[in-house]
Amino acid sequence: MQRKIVFVMHILLILAIFQTSPVCAWHPGELVITGDVAQEVVLAGYQGWEVVGLEYRGEAQEAIRLLPVLQYAGVLGAEGSIFLSAYDGVGAVLALGEITEECYLRLTPEYGWQFISEHHPRQAGVKFLEYVVVAAAGPDLPCLRLISGTTETVISYGSLFAVDSVQRLIIEGEAKKGDFTAAPFSRRSLIPLAQFLNKQEAAAAVAYLGDGSQVEVSLAGYLEWRGQSADYLGPDGRSRKADVKALWADAPETAVTELLSQALDALGEGRVLIILVDGLGFFELQQVQPPFLSSREVQQARTVFPSITPVALASILTGALPSEHGITARGMRELQVPDLFFYASQLGKSSALVEGNTKILNTSIRPILNPDLDGDGSTDYEVFQSAQEQLAAGVDLVFVHFHGYDDTAHSCGPFSPEAGEKLLELDGYIQALCQGFSGTVFVLADHGQHPTSRDKLGDHGLASLLDLTVPWFRWEQP
């Protein structure tokens, strides 16, 4: 009997230790405010935030207000939703406009981070919070784009959190120690691409990644939400391509990076004239149907991301993607790989780069700059005259860069009558440059434009169908 009493006392003592020991307490960890915000905020405690004393359900509490945290993160839209997501998968969706000064985040050893509000239903009081995800509404949100034909699905990263997913158990490999093995795994929430892109029509897509690279991927794969970005995972759930910006299911086979190799091959046979119409998208060309260019066969081509002039021009001149040539944003000029003019010189050929009034890149030859001498607000006529001089001088490779269409499309919109008139003007210049020229002619664009409702009625830089799809002409001029 005495032994039984001692045994029971031992059990009670052990239980008491487990109830009070910090080793067995749940550690709340961090709370991440993410999604459609300017910057992620990670809360590990109340440090740096005003602590508010309040009474909640009859008990004195300490908490911080959610609204200042959201303001610090910088919500990117005026409307939308907030997803409160817990570690155990439980959550609640709240209207962004209903977050007031009386909405709080509380941190306790028992429940971790918890949303509390006397004005919201009790189901909003989610415990053990892992994420507060903002899914905002409005234009120009950072987003993922999925392109198939002329259909473009745009999903902000906050909204992507709410897309239906499947749970996959991913075996990460096998570990061995002597005769014993262990197979580590992770359970992931993955979004099948089949929800957005019909893999029966195309088995693969071109993935545009955040570092400027492009890679072909299977449409049997998945997306994985990463807060303010998304990754592509292959059908095995393991092969990963980080920070995917767009997936283009039926992307044109021709890419602007092919110009270098094709131009060098043509240069081996004779002279080459390359005309770059800045900002001219394929669909804008199709709408206007300029007489001279419309008499030639045109293909759709895909440009690079980000779809801006210095990045795309660098890819055109080097045959490399932004991740390789090093130009990934405006203001960058130093190419990390040789350009077209360098290779032409290796073949013993002369080159000329006829530009507007500004040098865009530091190329291996000095550009011929042309200011607006006639004061008409455009350098196109001056570029045209300068290009005529280089062709008349017998230069083997002449690269001509017209900027006027891009400027007009920015000011008036890419599908505006004014942009159409500018394209007709350039069409006449192109026809005149080709008269008397014998050799290979290329006409292409660095990027397209999409209409906007801001001060600029046209813009570009996105991984969107209109920005990425450009015309590609090649013909032999007898």
Side-chain angles (χ1 to χ4, degrees), residues 206 208 212-214 251-267 272-282 285 293 298-330 332-345 349 351-356 358-368 383 387 390 396-406 426 430 433 439-449 460-461 463 467-475:
V206 173
Y208 280 75
S213 61
Q214 298 174 26
E253 292 185 10
T254 303
V256 296
T257 49
E258 295 175 26
L259 179 79
L260 180 135
S261 61
Q262 290 196 28
L264 290 176
D265 288 343
L267 198 56
V272 173
L273 170 61
I274 302 169
I275 300 173
L276 182 68
V277 182
D278 201 302
L280 177 60
F282 175 83
L285 174 78
L293 286 178
V298 63
Q299 299 179 50
Q300 293 187 35
R302 66 178 190 272
T303 190
V304 296
F305 175 80
S307 49
I308 56 178
T309 295
V311 179
L313 180 59
S315 289
I316 289 168
L317 291 178
T318 65
L321 294 170
S323 55
E324 300 164 324
H325 61 57
I327 308 296
T328 57
R330 290 186 173 89
M332 304 177 73
R333 291 188 175 184
E334 298 297 331
L335 295 168
Q336 302 301 311
V337 295
D339 62 23
L340 172 62
F341 311 116
F342 169 81
Y343 290 117
S345 69
K349 304 293 185 178
S351 301
L353 171 57
V354 184
E355 265 290 0
T358 304
K359 181 171 73 170
I360 298 172
L361 300 172
N362 292 332
T363 53
S364 61
I365 62 171
R366 180 174 295 179
I368 301 169
V383 167
Q390 297 303 310
D396 297 312
L397 169 65
V398 180
F399 190 106
V400 186
H401 190 172
F402 289 114
H403 291 264
Y405 182 85
D406 186 65
L426 294 176
I430 295 169
L433 289 175
T440 304
V441 179
F442 294 90
V443 179
L444 72 160
D446 49 353
H447 57 77
Q449 284 203 30
H460 56 92
D467 290 9
L468 294 179
T469 313
V470 298
W472 174 282
F473 293 89
R474 175 181 176 166
W475 69 86

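The figures that follow rest on heavy atoms only: side chains count, while hydrogens, waters and symmetry mates do not. Everything numeric in this text was worked out from a predicted model, so none of it was measured.
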Novice: Kindly determine whether H401 and V383 satisfy side-chain contact (heavy atoms from CB on, under 4.5 Å), including the steps that lead there.
Specialist: CA-CA 7 Å; H401 190 172; V383 167; 5.9 Å; no
Novice: Taking side chain to side chain contact (heavy atoms under 4.5 Å, CB included) as the criterion, tell me which of V398, I430, T440 meets it with L273.
Specialist: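 For L273, the side chain to side chain contact (heavy atoms under 4.5 Å, CB included) check succeeds only for V398.
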Novice: List the steps, then state whether side-chain contact (heavy atoms from CB on, under 4.5 Å) holds for L317 with F341.
Specialist: CA-CA 8 Å; L317 291 178; F341 311 116; 3.9 Å; yes
Novice: State, with a plain yes or no, whether a side-chain heavy atom of L444 is found less than 4.5 Å away from one of L276.
Specialist: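 L444 vs L276: side chains touch.
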Novice: Are the side chain of R302 and the backbone of P252 linked by a donor-acceptor contact shorter than 3.5 Å?
Specialist: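 Side chain of R302 to backbone of P252, a donor-acceptor pair under 3.5 Å: yes, one is there.
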Novice: Using side-chain heavy atoms (C-beta onward) and a distance below 4.5 Å, is L259 in contact with F399?
Specialist: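 The answer is yes, as the side chains (C-beta and beyond) meet within the 4.5 Å cut-off.
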Novice: Check whether any side-chain heavy atom of K359 lies under 4.5 Å from a side-chain heavy atom of R366, and answer yes or no.
Specialist: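 The answer is no, as the side chains (C-beta and beyond) never meet within the 4.5 Å cut-off.
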Novice: Could you tell me whether a side-chain N or O of E324 sits under 3.5 Å from a main-chain N or O of L321, the two making a donor and an acceptor?
Specialist: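 Yes.
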Novice: Output yes when a side-chain donor or acceptor of D446 lies under 3.5 Å from a complementary backbone atom of G279, and no otherwise.
Specialist: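 Checked: pair present.
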Novice: Distance-only, no hydrogens or angles: does the S307 side chain make a donor-acceptor pair with backbone N or O of G461 under 3.5 Å?
Specialist: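 Pair found, side chain donor or acceptor close to backbone of G461.
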Novice: Quick one: does any side-chain atom of D278 pair with a main-chain N or O of D406 as donor and acceptor, under 3.5 Å?
Specialist: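 Absent.
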Novice: What closest approach, in Å, do L285 and P471 show between heavy atoms, and which atom pair accounts for it?
Specialist: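 In terms of heavy atoms, the two residues are closest at CD2-CB, 3.7 Å.
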Novice: Just by distance, do the side chain of S315 and the backbone of A320 share a donor-acceptor pair under 3.5 Å?
Specialist: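 Yes.
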Novice: Would you call the rings of H460 and H447 parallel, tilted or perpendicular if under 30° counts as parallel and over 60° as perpendicular?
Specialist: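 Taking H447 first and then H460, their aromatic rings lie parallel (interplane angle under 30°).
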